[in-house]
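Have a look at the structure below before the remarks.
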Amino acid sequence: MANAELDPGGEHRNPPTRVPLRIEEALVAAAMAAIALITAANVALRYLTDVSIAFTEEYSVALMVIVALLGTSLAMAGGRHIRIGYLVDGLPPPWRRRAEMAAMALAVLCFGLIAGYGALLAWDEYRFEVLSSGLGNPQWLYTGWLPLLSLAVIGRAVGRMVRLARGRDG
């Protein structure tokens, strides 16, 4: 599809957006760096001292969820989300645009459900003072990222729908 345009260097070009995609890109880079540091520290400490800091897996898992949702947000904005290209690529351009808009609407619905139920889960964990099993931190500190970043995905999907409707993307 034409929505995944490449620049002269062969990299995917990001579409123009009101909210810069650099925000998500910087947050993904920071989270991945933190995961790498935690993992490297755990491996080095275990190798040098036979002591494990496996309890940090709790942070790594939370950071992986954050990376996945931020990556989904970037994919939505750039039109690089999962799709069935075999069915859509053969359509004429106006129908491709409609199919892409329908996919964005379904993504908004899906992540709206995730945001709603995720918020209820985080609220219950806060209200009932649920603690994480590894470190004993309040569990809502980890779960709260799910609805928040789902809203970011929704925002990027809606932004792409608006660009598609205006004929400026896709």
Side-chain angles (χ1 to χ4, degrees), residues 1-38 58-126 138-170:
M1 264 176 94
N3 57 6
E5 297 178 27
L6 300 177
D7 66 12
E11 294 289 320
H12 286 282
R13 199 175 337 161
N14 286 328
T17 58
R18 285 185 192 238
V19 179
L21 294 176
R22 293 281 180 207
I23 295 169
E24 280 104 327
E25 290 170 350
L27 291 172
V28 165
M32 289 178 72
I35 292 169
L37 286 173
I38 290 169
E58 195 170 288
Y59 293 134
S60 294
V61 169
L63 288 168
M64 283 187 246
V65 170
I66 289 170
V67 166
L69 287 169
L70 288 171
T72 303
S73 179
L74 286 167
M76 287 293 159
R80 293 185 291 272
H81 56 87
I82 295 173
R83 71 182 95 235
I84 303 173
Y86 179 78
L87 299 174
V88 177
D89 289 346
L91 296 173
W95 284 98
R96 262 191 301 214
R97 180 172 280 116
R98 289 182 188 122
E100 184 71 17
M101 289 179 69
M104 292 296 104
L106 290 171
V108 167
L109 175 65
C110 177
F111 281 94
L113 290 170
I114 292 171
Y117 284 114
L120 290 174
L121 175 63
W123 171 247
D124 279 349
E125 289 176 344
Y126 174 78
Q139 185 66 35
W140 66 267
L141 291 173
Y142 304 125
T143 314
W145 290 103
L146 180 66
L148 182 67
L149 293 176
S150 292
L151 292 176
V153 173
I154 290 169
R156 293 300 187 183
V158 168
R160 180 151 170 79
M161 278 178 36
V162 168
R163 288 192 309 278
L164 285 165
R166 293 180 179 167
R168 289 194 278 164
D169 203 8

How far does CG of L74 sit from CG of L21, to the nearest 0.5 angstrom?
-> 6.0 Å

In Å and rounded to the nearest 0.5 Å, what is the CD1 to CG distance from I154 to L149?
-> 11.0 Å

Listed partners of [X] passing side chain to side chain contact (heavy atoms under 4.5 Å, CB included), at least two apart:
X    : value
I35  : T39, L63, M64, V67
A119 : P147
P92  : P94, W95
P93  : R96

Steps toward side chain to side chain contact (heavy atoms under 4.5 Å, CB included) verdict (T17, R156) = CA-CA 9 Å; T17 58; R156 293 300 187 183; 3.6 Å; yes

Please enumerate all residues that pass side chain to side chain donor-acceptor pair (under 3.5 Å) together with [X], with sequence neighbours excluded.
X    : result
T143 : E125
Y142 : E58, N137
S73  : E24
R22  : E25

Using ring-ring contact (aromatic ring centres under 6.0 Å, His included) as the criterion, list what pairs up with W140, not counting sequence neighbours.
-> Y126

Minimum side-chain heavy-atom gap L69-W145 below 4.5 Å | no

In terms of heavy-atom contacts, does CE of M101 have more than 12 from other residues, nucleotides or ligands at under 6.0 Å?
-> yes

For I82, look at atom CD1 and say whether over 12 heavy atoms of other residues, nucleotides or ligands are found less than 6.0 Å away.
-> no

Do side-chain atoms of R166 reach the backbone of M161 as a donor and acceptor pair under 3.5 angstrom?
-> no

Let me have the donor-acceptor pairs involving side chains of residues 102-118, under 3.5 Å, with sequence neighbours excluded, atom names and distances please.
none

